[in-house]
Every structure is written in C-alpha cells, then in structure tokens.
S.K.: 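Just dropping this structure here.
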Amino acid sequence: MSATRVLVLNSGSSSVKYQLLDMRDSSRLASGLVERIGERSSRLTHTPLATGGGSREWAGPIADHDAALKAVAEELGKDGLGLDSPELAAIGHRVVHGGRRFTAPTVIDDAVLAEIERLIPVAPLHNPANLTGIRTATALRPDLPQVAVFDTAFHTTMPEAAARYAIDVETADAHRVRRYGFHGTSHAYVSRATAKLLGKAPEEVNVIVLHLGNGASASAVEKGRCVDTSMGLTPLEGLVMGTRSGDIDPAVIFHLARVGEMSIDEIDTLLNKKSGLVGLCGDNDMREIRRRIDEGDERARLAFDIYIHRLRKYIGAYYAVLGQVDAVAFTAGVGENAAPVRAAAVAGLGSLGLAVDEGLNAVRGDAPRLISPAGARVAVAVVPTDEELEIATQTYALVKKTN
Ligand code: ADP
C-alpha cells in the first residue's frame, strides 16, 4: 500500500485535536488544536512538524466542527499535507464509549455509526462530539476508511467479577450499567511500553498502570489483558482527578438531593466539574498545588494528601487483584512530571517490593525509564503515554489488513 499517512482526530464538544503521522516510521508530520468552536473567539494552533516550521495561530469565529475541520485541512494543505493527498491512508477517530460490542478498532460504516449513537445515553458528553467529528471527516473524504478507536476497548477483557456492579442484575442490564473503563488507548500503549522497557513481551508481565492527567485512572493489566480499571460506567469513578471526585459513597447523591435540595444536574456538575483537586483547594494543576504546599498552604496540602491516599488504595487493590506484580507505571501529565506524587504513591511500600530511587525519580525526560532502585522486586517506571500514536498504529494496522 503506497498511502502511509494517518490523520488522528480527537473531537471534543468544543475542540478538535489532530495529528498527522507517517506510519512508515511513526513520525509526526503535523499536529494542532482547534479550541472554542462555536464561540467568537475560536482559535486554531497548527504546528507543521515535517517542515520544522514554527506554530501558526489563527483566531476568529469558527462556527462548528465542519468549519473547524475545513480550517485544519486548509492549514495542512499549506504544507502540502492536505486531506486530498493520495498518501493519506485513513482517518483514525478517538471514540470515548464503545460499550461492550466494540472490543477492537473498527472501520466505520452506517451500522457502526448507529451503535455509537445508541451509546450516547452512557456517554452524553463525549460520543455526540465524536460522532460529529466522524461525520464531518467522512463528508470531506467519503472514499477514505474512517476508523473508530474506542477508549473502552482495552477494558472489554475485564472479567464479570470486576465489570459488574453489585446491583439488581435486571436493572443493570436494562440500562447497560456496568464498569466500562476509559483511557483504554493509553492503558494499552503504556502497559505494552512498560513490558518493552523490562525487555519482556506484554504476555509475560503484570502491570499496574496509573494514568494521572487531568482525568485519572488506574488499571490492572495481567499478561497484556486488562482485568480491572478504576473508571466505571462513566469517567467519574475511581481516583481523585483535576475536577472530578472519583469514588464517593453513592448515598452522598441522595443526601445532597434530599437534604441539600440540589437538583440532579447540580450534583452532576458538582461531582464532575467542581470536585477533585479543584473542589478541595481551588487549583487542579499539580504544579500550582506543589508551589502552594511549599509556601505552607494547608488546603493545598490536604488536597494532595487526599489525592495520594486514594492513589495508594488503588495500588494496593490492584496488587491484590493481580497477585503478583512486575511493574507499576506512571503516565500522563501528573504521572510523567510530578516526582513528589510518584514518591508519595509508593512511600513505605517496601514490603510489597515497591520503592522509588530519589535520584532516578528526579530525572526528567521523554523516554520510558525506571525509577525503582536497582534489583527492586517490582519495577517502578515513568512511561510517557502517546494516545495519538496508538490510535494511528491501530488504524493503520486495520486498514492494511482490510486492503
Ligand atoms: P489531560 O490529557 O487529562 O487533559 P494531561 O495528561 O495533559 O491531562 O495532564 C494535565 C495535568 O498534568 C495538569 O493539570 C497538571 O496537573 C499536570 N502537570 C503537567 N505538567 C506538570 C509538571 N511539570 N509538574 C506537575 N504536574 C504537571
């Protein structure tokens, strides 16, 4: 096949992130972001990586996703990388919710579109935006394979014991209530990259992956297959996040509705947007929280402590789920950059074989690296995630197979 480029699109409700990759060597040709779609102050930032040129910015109103993608196509065209290029093999779309049916990347047709649409009730914020991105891209290049890569796919290997909530089975099934998990593309990529770092095949190792970004999730990966993950029906469950509460007693919701007289929508906003680190201390950026702690700020300290406490509980839980652990891998914005979070997450867990070498933990870099002391029973690693590369790789592998 002569076409070797893949455009990766990550369409949010008011933004589109994109990357164009050449799969001969996985190199990045261009990347960019359209923000505040639908507002007067939309902005397009485009970086032509192939030519080594600097980023270009364009500000002004971009009415909808259609206009956004046309603007992206125009920017790509300026560098000879337009969507009309015969070298473009496929467009890979990040789709947040694939339910139980989509266990692997899938070439999109009408039936696939209908199924993604059917899942909107369980992903009301994400799937509609993903669908808009797919429809817009298909209209621009109807002849090109459009591939959906699902955030949930990697987690579909979870056993029922991990995926089911302990509620009435008929009610759960009627409304498709179960643990689906998210960030799957990242957990897949990082668990494999961790095995590689250890010089092993994915099937030879058990890994706890800690994806700590603004959204955060943990997963237990047994011999390359996910056996548990912290996010659930929605991305609200599990770890303390930038603005999301993670685990709470579900009765808090009844209490806030009955005693606090809050509406369901208000509670939804509270738990998804005004909780987590932001709710606890007003900041969701770990850099700012660390700076405040250094200045003696008690609220920032408590927010950090709650964040770490939850993280340690999940490390312990997934240790027990796996029985035997080869590696704990930290990834995403906080996991890759915040050395104090990594140190605190495993402090005092020597009896589990977990420890961090202070010197190694302080080293910064873009490459996967070990931060545990030499000879440690369990490897502790920093493994930068690359969801775009993973989406492009899965997309390209699928279209090569189908052609
Ligand atoms: P997402 O993709 O979920 O939006 P990222 O994985 O990009 O998030 O992570 C963003 C978060 O990473 C920021 O909110 C901040 O808390 C954290 N972060 C980024 N850089 C650093 C850093 N140098 N030190 C500590 N935390 C950082």
Side-chain angles (χ1 to χ4, degrees), residues 8-19 31-36 45 94 96 123 125-126 129-130 149 151 181-190 193 209-219 229-231 234-246 272-295 297 299-301 303-308 310-311 329-345 356 361-369 371 382-391:
V8 175
L9 287 183
N10 182 350
S11 307
S13 54
S14 65
S15 71
V16 175
K17 281 191 214 153
Y18 62 94
Q19 272 193 19
S31 72
L33 168 68
V34 189
E35 297 167 279
R36 297 199 284 274
T45 313
R94 175 189 184 214
V96 167
L125 297 179
H126 295 103
N130 301 156
V149 178
D151 260 25
F182 299 88
H183 291 146
T185 310
S186 176
H187 287 284
Y189 177 86
V190 170
V209 178
L210 304 169
H211 176 111
L212 311 177
N214 217 349
S217 63
S219 69
T229 193
S230 60
M231 283 178 167
T234 76
L236 181 56
E237 195 180 348
L239 300 173
V240 175
M241 312 185 208
T243 65
R244 293 178 219 149
S245 62
N272 273 299
K273 304 218 166 105
K274 298 183 181 170
S275 296
L277 294 169
V278 128
L280 288 166
C281 75
D283 272 309
N284 63 349
D285 193 310
M286 195 51 84
R287 285 164 286 202
E288 186 57 18
I289 291 170
R290 291 302 309 173
R291 195 190 58 72
R292 285 173 56 185
I293 292 171
D294 289 344
E295 286 174 355
D297 185 317
R299 275 185 70 187
R301 175 85 246 170
F304 183 83
D305 289 348
I306 295 169
Y307 182 96
I308 295 295
R310 184 82 50 83
L311 190 55
F330 287 89
T331 195
V334 176
E336 291 168 29
N337 296 298
V341 168
R342 298 191 297 254
V356 155
N361 193 29
V363 176
R364 304 187 66 86
D366 295 333
R369 57 198 182 275
I371 57 169
V382 180
V383 180
T385 192
D386 196 335
E387 287 164 278
E388 288 78 17
L389 175 61
E390 180 68 20
I391 291 172

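Order of appearance sets the numbers: ligands from 1, and atoms from 1 within every ligand. All values below come from the heavy atoms of this structure, side chains included, with hydrogens, waters and symmetry mates left out.
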S.K.: Are the side chains of E388 and D386 in touch, meaning some heavy atoms are under 4.5 Å apart?
M.R.: yes

S.K.: So, do T243 and N272 sit near enough that their side-chain heavy atoms are less than 4.5 Å apart?
M.R.: no

S.K.: Applying side chain to side chain donor-acceptor pair (under 3.5 Å), can you list everything that pairs with R36, at least two apart in sequence or on another chain?
M.R.: S41

S.K.: Measure the distance from atom 22 (C) of ligand 1 to every protein heavy atom, then report the residue, atom name and distance (to 0.1 Å) of the closest one.
M.R.: N337 CB, 3.2 Å

S.K.: Just to confirm my output: which protein heavy-atom neighbour is closest to atom 15 (C) of ligand 1, and how far is it?
M.R.: D285 OD1, 3.5 Å

S.K.: Kindly state each residue pair satisfying salt bridge (Lys or Arg N to Asp or Glu O under 4.0 Å) with at least one member in residues 272-283, sequence neighbours excluded.
M.R.: D283-R292

S.K.: Establish whether atom 2 (O) of ligand 1 and some protein heavy atom are separated by less than 4.0 angstrom.
M.R.: no

S.K.: Are side-chain N/O atoms of S219 and H211 paired as donor and acceptor at under 3.5 Å?
M.R.: no

S.K.: Should you measure from each heavy atom of A338, which atoms of ligand 1 turn up under 4.0 Å away?
M.R.: 25 (C)

S.K.: Can you check whether P340's main-chain N or O pairs, donor with acceptor, with R290's side chain at less than 3.5 Å?
M.R.: no

S.K.: One thing to verify: whether D297 and R301 come together as a salt bridge, which I'm taking to mean a side-chain N less than 4.0 angstrom from a carboxylate O.
M.R.: no

S.K.: For V334, take its heavy atoms, then give the atoms of ligand 1 lying under 4.0 Å from any of them.
M.R.: 12 (O), 16 (O), 17 (C)

S.K.: Atom 9 (O) of ligand 1: which protein heavy atom is closest, and how many Å away?
M.R.: G333 CA, 3.3 Å

S.K.: Which atoms of ligand 1 sit under 4.0 Å from any heavy atom of N284?
M.R.: 14 (O), 16 (O)

S.K.: Does one side chain, of R244 or N214, offer a donor that lies under 3.5 Å from an acceptor on the other?
M.R.: no

S.K.: Can you find a pair of side-chain heavy atoms, one from T331 and one from E336, that are under 4.5 Å apart?
M.R.: yes

S.K.: I need the atoms of ligand 1 closer than 4.0 Å to a non-hydrogen atom of A332, numbered in the order shown.
M.R.: 6 (O)

S.K.: Look only at interatomic distance and state if L212 has a nitrogen or oxygen under 3.5 Å from any nitrogen or oxygen of ligand 1.
M.R.: no

S.K.: Under 4.0 Å from any heavy atom of R364, which atoms of ligand 1 are there?
M.R.: 23 (N)

S.K.: Just distances here: any N/O of N214 and N/O of ligand 1 closer than 3.5 Å?
M.R.: yes

S.K.: Nearest to atom 20 (N) of ligand 1 by heavy atom, K17, M286, E336, R287: which?
M.R.: R287

S.K.: Looking at ligand 1, does G215 have a heavy atom less than 4.0 Å from it?
M.R.: yes

